[in-house]
Amino acid sequence: PVEEKRGDWGRVARFWGNQISELEVNVKRLEIPDLPESLGGLSITHLSDLHIQPSMPVGFFRRISDQVAELDSDLTIISGDFLDKTCLPSWFDAEFSILQTNRPLAYVFGNHDQLAIETLERAIHPLGWAHCATEPAEFEFRGITVRLFGDQAPWLSSNLVERVAG
């Protein structure tokens, strides 16, 4: 794990037993039976539980973005809890787009996001990221179309899985 331990923000979070000031990177290789050969080597960066809040230093968020850029994956997925509170840090609008890469990015919202969905959508929409809980996200990898389906249950409803299966 890579840890951010500067400033009162990280000390206070750790005092309460919270890991909000830690950035952990794990690299895993999966062997998936019957995966088309051309999808071998597909790399995915999975971000989860960012829990951005007004007291979060912009430097920590930039470290997350730098790590995403360094991993240079074929696809980035953010699986909810962008936010910790409904209030956003003053730097949010100016800095949020730094997660943008030249590769596909798909996301779903989590339980901490439900009170600020409109604010998040306003920030995310111009970036062209795919909300794969409302519509399947598609991207091409080595000539194969990959479709992603997200689920936000039980916190938010999208019924995407039911719509596609039905």
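We use all heavy atoms of the structure for the numbers below, so side chains are in, but hydrogens, waters and symmetry mates are not. The structure displayed is predicted, hence computed values, not measured ones.
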Would you name the heavy atoms of Met56 and Leu50 that are closest together and state the gap between them?
CE-O, 3.5 Å

With sequence neighbours excluded, what pairs up with Glu140 under the side-chain hydrogen bond (donor to acceptor under 3.5 Å, both in side chains) test?
Thr145

Pairing residues for Ser79 by the side-chain contact (heavy atoms from CB on, under 4.5 Å) criterion, not counting sequence neighbours:
His46, Ser48, Val108

Side-chain heavy atoms of Tyr107 within contact of Leu120, under 4.5 Å:
no

Flag the pair Pro89 / Ile52 as yes when at least one side-chain heavy-atom distance between them is below 4.5 Å, and no otherwise.
yes

Has Asn111 got a side-chain atom pairing as donor or acceptor with Asp81's backbone, closer than 3.5 angstrom?
no

Who pairs with Glu138 by salt bridge (charged side-chain N to carboxylate O under 4.0 Å, His left out), at least two apart in sequence or on another chain?
Arg147

Check step by step if side-chain contact (heavy atoms from CB on, under 4.5 Å) holds for Leu75 and Leu148.
CA-CA 11 Å; Leu75 169 67; Leu148 301 173; 3.7 Å; yes

Tell me every residue that passes side-chain contact (heavy atoms from CB on, under 4.5 Å) with Leu127, counting only those two or more places apart in sequence or in another chain.
Phe96, Ser97, Gln100, Trp129

By side-chain contact (heavy atoms from CB on, under 4.5 Å) - contacts of Leu30 (at least two apart):
Ile32

Trp155: partners by ring-ring contact (aromatic ring centres under 6.0 Å, His included), with sequence neighbours left out:
none

Hits for side-chain hydrogen bond (donor to acceptor under 3.5 Å, both in side chains) against Thr119, two or more places apart or cross-chain, chain-then-number order -> none

Closest non-hydrogen atom pair, Pro36 against Ile144
CB-CD1, 3.8 Å

Residues two or more places apart in sequence or in another chain: which of them pass salt bridge (charged side-chain N to carboxylate O under 4.0 Å, His left out) with Asp74?
Arg103

Do Leu35 and Phe139 land in one hydrophobic cluster if side-chain heavy atoms of ILVMFWY residues count as linked below 4.5 Å?
yes

Tell me every residue that passes side-chain contact (heavy atoms from CB on, under 4.5 Å) with Arg62, counting only those two or more places apart in sequence or in another chain.
Val58, Glu95, Ile98

Kindly indicate, with the supporting measurements, whether the criterion side-chain contact (heavy atoms from CB on, under 4.5 Å) is fulfilled by His51 and Asp49.
CA-CA 5 Å; His51 289 279; Asp49 298 289; 3.3 Å; yes

Is it the case that His131 and Gln152 place a side-chain donor and acceptor less than 3.5 Å from each other?
yes

Please collect all salt bridge (Lys or Arg N to Asp or Glu O under 4.0 Å) contacts where either partner lies in residues 110-132, sequence neighbours excluded, each pair once.
none

Where do Ala106 and Cys132 come nearest, in terms of heavy atoms and distance?
CB-SG, 4.1 Å

Pairwise distance CD1(Ile44) to CG(Leu71) - rounded to 0.5 angstrom
12.5 Å

For the backbone of Leu42 and the side chain of Arg142, can you confirm whether one donor and one acceptor N or O come within less than 3.5 Å of each other?
no

Residue list, ring-ring contact (aromatic ring centres under 6.0 Å, His included) with Phe141, at least two apart or on another chain:
none

Give a yes or no on whether Ile124 and Leu115 share a hydrophobic cluster (residues Ile, Leu, Val, Met, Phe, Trp, Tyr; joining criterion: side-chain heavy atoms under 4.5 Å apart).
no

Sequence neighbours excluded, every pair satisfying salt bridge (Lys or Arg N to Asp or Glu O under 4.0 Å) that has a member inside residues 25-36:
none

